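Owing to the predicted nature of the structure, the values given are computational and were not obtained by experimental measurement. Chain letters run A, B, ... following the sequence lines, proteins first, then strands; residues in each count from 1.
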Amino acid sequence: MPLAKRVGAKPREIAAKIVEHLDVADIAMPVTEASIAGPGFVNVSLRPDALAAFVDRLDTPELGIARPVDPDTVVVDLCGVNLAKQMHVGHLRSTVIGDAVARLFERLGYKVIRQSHVGDWGLPIAMVVQKLIEIEEAGVDLASITLDDLNKIYKAAQATCKDERVALASVLKYGGHPKAEAELEGRIEHANEAAERARTRLVALQSGDEPTVAAWERIYDITMGACLATCARLHATVTADHSAGESTYRTELPEIVKDLETRGIAEESDGALVVRVEGIAEPCLIRKKDGGFLYATTDLAGIRRRVQEFKADRVVYVVDARQSLHFRLAFGAAHRAGYDVHDDRTAPLEHAAFGMVLGEDGRPLKTRSGENIKLDDLLEEAVSRAAATVAEKNPGLPADERARIAEAVGIAAIKYADLSTERIKDYVFEFDRMLAFEGDTGPYLLNAVVRITSIFRKAAEQGVTLDERAPLVLNEPDERTLALTLLKYPMVVRAAGEAFEPHRVCNYVYDLASAFSGFYERCPVLHGDDDAVRASRLRLCSLTRRVLVDGLETLGIPTVERM
RNA sequence: GCCCCGGUAGCUCAGCUGGAUAGAGCAGCGGACUUCUAAUCCGCAGGUCGGAGGUUCGAAUCCUCCCCGGGGCGCCA
């Protein structure tokens with residue numbers, strides 16, 4: 001049908017010509033005039049033996065996904081935690097989707113480098129360092145400090161400095177009403193003092209003052225210890241090796257700004273230094289009036305390191321959609337500077353943006369008091385709900401296995417819910433929905449795998465073993481549907497990877513599980529009396545399980561044996 | 001004001017670079033457990049694809065305008 005436009009003929013006429021000349025007798029049923037349908041489709045039915053041959057070709061250790069001869073290097077930016085802050089829902093998607101995107105590229109055979117851009121530098125961190133040192137001076141043992149404590153300190157520090165702005169806003173609003181003024185004066189003074197101490201501390205940190213750096217390192221270790229543990233619990237591959245703090249770029253920033261300045265790429269604007277990007281009204285700010293550097297400056301350093309040092313052929317940022325403008329500016333500026341080029345090749349810089357996590361009220365997910373929800377709490381809730389279900393449905397299992405299953409089910413529920421809708425869209429976080437065993441959920445898919453596994457357990461009891469080379473007999477419609485669905489796997493993974501869209505793999509594994517259900521319902525595996533059919537069906541079961549497990553693992557969702 | 005992203009069944013969502021009668025799940029209704037699966041399966045019902053134009057043999061899909069919702073917009077990150 002796309003030919004119709006190019007050739008200038010009617011689709012059905014072209015279809016008729018194709019049918020007339022098409023010879024696919026070796027793999028398909030005869031194609032005739034009657035095979036033409038609708039506006040010009042030519043229906044081709046694969047012969048069972050040809051279909052079996054295609055499935056045979058899929059049945060390799062890599063399940064039909066060939067590795068490229070000369071694999072590109074892809075950098076995936078994900079996770080992005082901040083010092084002295086717990087991981088919260090804001091990090092969930094970046095971590096889960098980012099890891100899935102990285103896994104997709106790995107599955108396709110690319111060389112993948114994960115990079116978690118850790119917010120570990122700047123005035124906010126200096127404020128926490130300052131507070132921590134004050135606490136230490138008051139006699140508190142730093143060894144006992146947890147991330148929870150740091151989080152409280154961070155908030156307190158933020159609040160103190162915020163007082164300054166709040167007070168200022170009040171004065172503006174009430175026009176310096178005498179009543180307000182007296183009270184506010186004290187707050188402003190307090191805030192100013194705190195901000196001043198933080199600024200002094202920042203200078204100490206930047207110049208390598210030993211006690212200051214020691215406190216900073218303590219904060220770094222506590223934060224990363226807790227956050228990397230959460231990543232591990234999420235079955236997301238984000239480790240210390242993948243973490244690159246903003247601090248690691250600090251010596252490069254003056255150099256980058258100077259480079260852009262001397263090459264005439266950056267220009268002065270209202271005392272600040274900016275890079276203009278074609279097609280965007282807003283400029284990209286790289287240096288403040290006071291000489292300080294900005295978010296974009298660090299990202300430029302990040303791009304340069306990733307492309308020129310790591311030799312990335314492609315850089316993907318799995319970051320919140322709200323950062324869209326920022327990345328367009330940073331990418332544009334990096335491109336003007338040539339930071340996205342290595343060995344005469346320009347690496348595409350891409351923002352794989354994702355939407356927000358909403359509560360059931362349709363507003364951004366928060367606690368009742370308006371606080372960010374800690375990711376650990378979210379995971380714990382999902383796992384404990386899963387544990388209750390496992391205890392109810394399968395009380396016979398040993399307690400430790402039940403706990404392992406609950407962990408897998410709870411994590412799978414959250415991850416699948418996050419991965420299965422289009423990345424760019426917001427989604428509503430609902431425990432009941434994501435933990436359901438009916439429908440398009442993580443637990444359902446784990447159960448699909450378990451059901452297949454149980455067939456093999458049963459088969460073993462009967463002394464029936466899998467013959468991995470048994471000839472495939474694909475005569476039943478459900479067998480054909482299952483086989484055809486299996487064959488789509490390599491293309492789905494490829495398409496999902498190229499578009500950074502893990503949800504396509506989710507849709508696929510769900511389709512495959514559905515196709516298997518139909519097969520399982522109507523095609524008895526162990527109950528038949530035909531040995532050849534049983535061997536063929538066992539092989540289909542095995543292949544289906546391998547594809548399901550591979551697909552889920554590519555999404556970063558581990559499976560279980562029983563549940 | 002300018003820019004970006006969404007709007008598909010009561011609810012939550014798919015729909016690949018335009019292609020057949022727009023598909024799932026949940027909820028609703030009706031069936032199926034001395035089982036290889038009930039943490040499941042099968043069936044029924046349910047839609048002006050936000051609206052209006054346009055391009056095309058053909059539009060949920062591409063273009064333009066409008067409506068609704070969300071987000072962003074130079075010295076925070």
Student: From C-beta outward on A:Leu294, which listed nucleotide comes closest to its side chain: B:C41, B:C3, B:A77?
Tutor: B:A77
Student: I'd like the P distance from B:A27 over to B:U40, given in whole Å.
Tutor: 10 Å
Student: Between B:G74, B:C11, B:A39, which nucleotide has the shortest distance from any of its atoms to the side chain of A:Val274?
Tutor: B:G74
Student: Taking only the P atom of each, what is the distance from B:G28 to B:C68 in whole angstrom?
Tutor: 35 Å
Student: Using Watson-Crick or G-U wobble geometry with both distances below 3.5 Å, tell me the partner of B:G69, or none.
Tutor: B:C5
Student: What's A:Pro524 touching, base or sugar-phosphate or nothing? Going by heavy atoms closer than 4.0 Å.
Tutor: base
Student: So, does A:Tyr416 get its side chain near the phosphate of B:G25, meaning an N or O under 4.0 Å from OP1 or OP2?
Tutor: no
Student: Could you work out which one of B:A20, B:A39, B:G74 sits closest to the side chain of A:Val390?
Tutor: B:A39
Student: Above 12 or not: heavy atoms from other molecules or residues under 6.0 Å from CG of A:Asp361?
Tutor: yes
Student: How many whole angstroms separate atom CE of A:Met434 from atom P of B:C11?
Tutor: 19 Å
Student: By nearest heavy atom, map A:Tyr520 and A:Tyr427 onto RNA chain B; which one lands nearer the 5' end?
Tutor: A:Tyr427
Student: Using a 4.0 Å heavy-atom cut-off across all strands, classify A:Phe293 as base, sugar-phosphate, or nothing.
Tutor: sugar-phosphate
Student: Quantified in whole Å, what is the P atom distance between nucleotide B:G53 and nucleotide B:U61?
Tutor: 14 Å
Student: What's the gap between B:G74 and B:C3 when it is taken at their C1' atoms, as a whole Å value?
Tutor: 15 Å
Student: Looking only at side-chain atoms of A:Ser517, point me to the closest of B:C75, B:C41, B:A20.
Tutor: B:C41
Student: Only pairs with both distances under 3.5 Å count, Watson-Crick or wobble alike; so what is the partner of B:C44 in this structure?
Tutor: B:G28
Student: Rounding to a whole Å, what distance do you find between A:Lys393:NZ and B:U40:P?
Tutor: 8 Å
Student: Name the nucleic acid region contacted by A:Asp270, choosing base, sugar-phosphate or nothing; use a 4.0 angstrom heavy-atom cut-off, strictly under.
Tutor: base
Student: Of the nucleotides B:A14, B:C11, B:G72, which has the atom closest to the A:Glu282 side chain?
Tutor: B:G72
Student: When we call it a touch if two heavy atoms are under 4.0 Å apart, what does A:Arg322 touch: a base, just sugar-phosphate, or nothing?
Tutor: sugar-phosphate
Student: In whole angstrom, give the distance that lies between atom CD1 of A:Ile424 and atom P of B:C13.
Tutor: 14 Å
Student: Considering only side-chain heavy atoms of A:Lys288, which listed nucleotide, B:C76, B:G15, B:A39, is closest?
Tutor: B:C76
Student: Using the C1' atom as the reference point in each nucleotide, state the distance between B:C44 and B:G25 in Å, no decimals.
Tutor: 16 Å
Student: When all nucleic acid strands are considered with a 4.0 Å heavy-atom cut-off, which category describes A:Glu430: base, sugar-phosphate, or nothing?
Tutor: nothing
Student: Could you state the atom-to-atom distance from CG of A:Leu285 to P of B:C73 in whole Å?
Tutor: 12 Å
Student: To the nearest Å, give me how far apart CD (A:Glu267) and C1' (B:C75) are.
Tutor: 15 Å
Student: For B:A59, what is the paired nucleotide under Watson-Crick or G-U wobble rules, both distances under 3.5 Å?
Tutor: none
Student: Nearest whole angstrom, please: distance from the P of B:C75 to the CD of A:Glu268.
Tutor: 15 Å
Student: Applying a 4.0 Å non-hydrogen cut-off, can you work out what A:Ala37 is touching in the nucleic acid: base, sugar-phosphate, or nothing?
Tutor: base
Student: Using atom P of each nucleotide, how far apart are B:U8 and B:C16 to the nearest Å?
Tutor: 16 Å
Student: Validate the cation-pi geometry between A:Arg423 and A:Phe500: distance from NZ or CZ to the six-membered ring centre under 6.0 Å, angle to the ring axis within 45°.
Tutor: no
Student: If you look at every strand shown and take non-hydrogen atoms under 4.0 Å, does A:Arg457 touch a base, only sugar-phosphate, or nothing?
Tutor: nothing
Student: What is the nucleic acid contact for A:Glu422, judged by heavy atoms within less than 4.0 Å: base, sugar-phosphate only, or nothing?
Tutor: sugar-phosphate
Student: Regarding A:Tyr317 and A:Asp299, do their side chains bring together a donor and an acceptor under 3.5 Å, going by distance alone?
Tutor: no
Student: Answer yes or no: is there a side-chain heavy-atom contact under 4.5 Å between A:Val390 and A:Arg402?
Tutor: yes
Student: B:A22 pairs with which nucleotide, Watson-Crick or G-U wobble, both distances below 3.5 Å?
Tutor: none
Student: Classify the nucleic acid contact of A:Asp432 as base, sugar-phosphate or nothing, counting any heavy atom under 4.0 Å across all strands shown.
Tutor: nothing
Student: Side chains of A:Phe293 and A:Pro254: closer than 4.5 Å at any heavy-atom pair?
Tutor: yes
Student: Could you check which nucleotide pairs with B:A39 in any of the strands shown, counting Watson-Crick or G-U wobble with both distances under 3.5 Å?
Tutor: none
Student: Look at all strands and tell whether A:Asn394 reaches a base, only sugar-phosphate, or nothing, counting heavy atoms closer than 4.0 Å.
Tutor: base
Student: Phosphate oxygens OP1/OP2 of B:G7: is one of them under 4.0 Å from a side-chain N or O of A:Lys425?
Tutor: yes
Student: Roughly how many Å apart are B:C41 and B:C26, using the P atom of each and rounding to a whole number?
Tutor: 8 Å
Student: Please tell me which of A:Met1 and A:Met356 maps to the more 5' nucleotide of RNA chain B, matching each residue to the nucleotide holding its nearest heavy atom.
Tutor: A:Met1
Student: Please state whether the phosphate of B:G15, meaning OP1 or OP2, lies under 4.0 angstrom from any side-chain nitrogen or oxygen of A:His503.
Tutor: yes
Student: For a quick check under 3.5 Å, do A:Arg545 and A:Thr453 share a side-chain donor-acceptor pair by atom type?
Tutor: yes
Student: Which value, in whole Å, describes the distance between the P atoms of nucleotides B:G47 and B:A24?
Tutor: 15 Å
Student: Going through the checks in order, is the salt bridge (charged side-chain N to carboxylate O under 4.0 Å, His left out) test met by A:Glu501 and A:Arg504?
Tutor: CA-CA 6 Å; A:Glu501 289 185 343; A:Arg504 296 193 196 199; 2.8 Å; yes
Student: Please tell me whether A:Thr248 and A:Arg305 have a donor and an acceptor in their side chains that are separated by less than 3.5 angstrom.
Tutor: yes
Student: If you take atom types as modelled and just measure distance, does the side chain of A:Asp320 reach the base of B:A77 with a donor-acceptor pair under 3.5 Å?
Tutor: no
Student: Does any donor atom in the side chain of A:Tyr220 or A:Asp120 lie under 3.5 Å from an acceptor atom in the other side chain?
Tutor: no
Student: How many whole angstroms separate atom CG of A:Asn507 from atom P of B:U12?
Tutor: 18 Å
Student: Between B:A39, B:A77, B:C75, spot the one nearest the side chain of A:Lys289, thanks.
Tutor: B:C75
Student: What is the distance, rounded to the nearest whole Å, between atom CD1 of A:Ile286 and atom C1' of B:A77?
Tutor: 17 Å
Student: Can you tell me which nucleotide in B:A77, B:A14, B:G72 comes closest to the side chain of A:Gln323?
Tutor: B:A77
Student: For the residue pair A:Phe429 and A:Phe431, does the interplanar ring angle fall in the parallel (under 30°), tilted (30 to 60°) or perpendicular (over 60°) class?
Tutor: perpendicular
Student: As a test of reading the structure: which of B:G74, B:G15, B:U12 is closest to the side chain of A:Arg433, going by heavy atoms?
Tutor: B:U12
Student: Taking only the side-chain heavy atoms of A:Arg522 (C-beta and beyond), determine which of B:C16, B:A39, B:C42 contains the nearest atom.
Tutor: B:C42
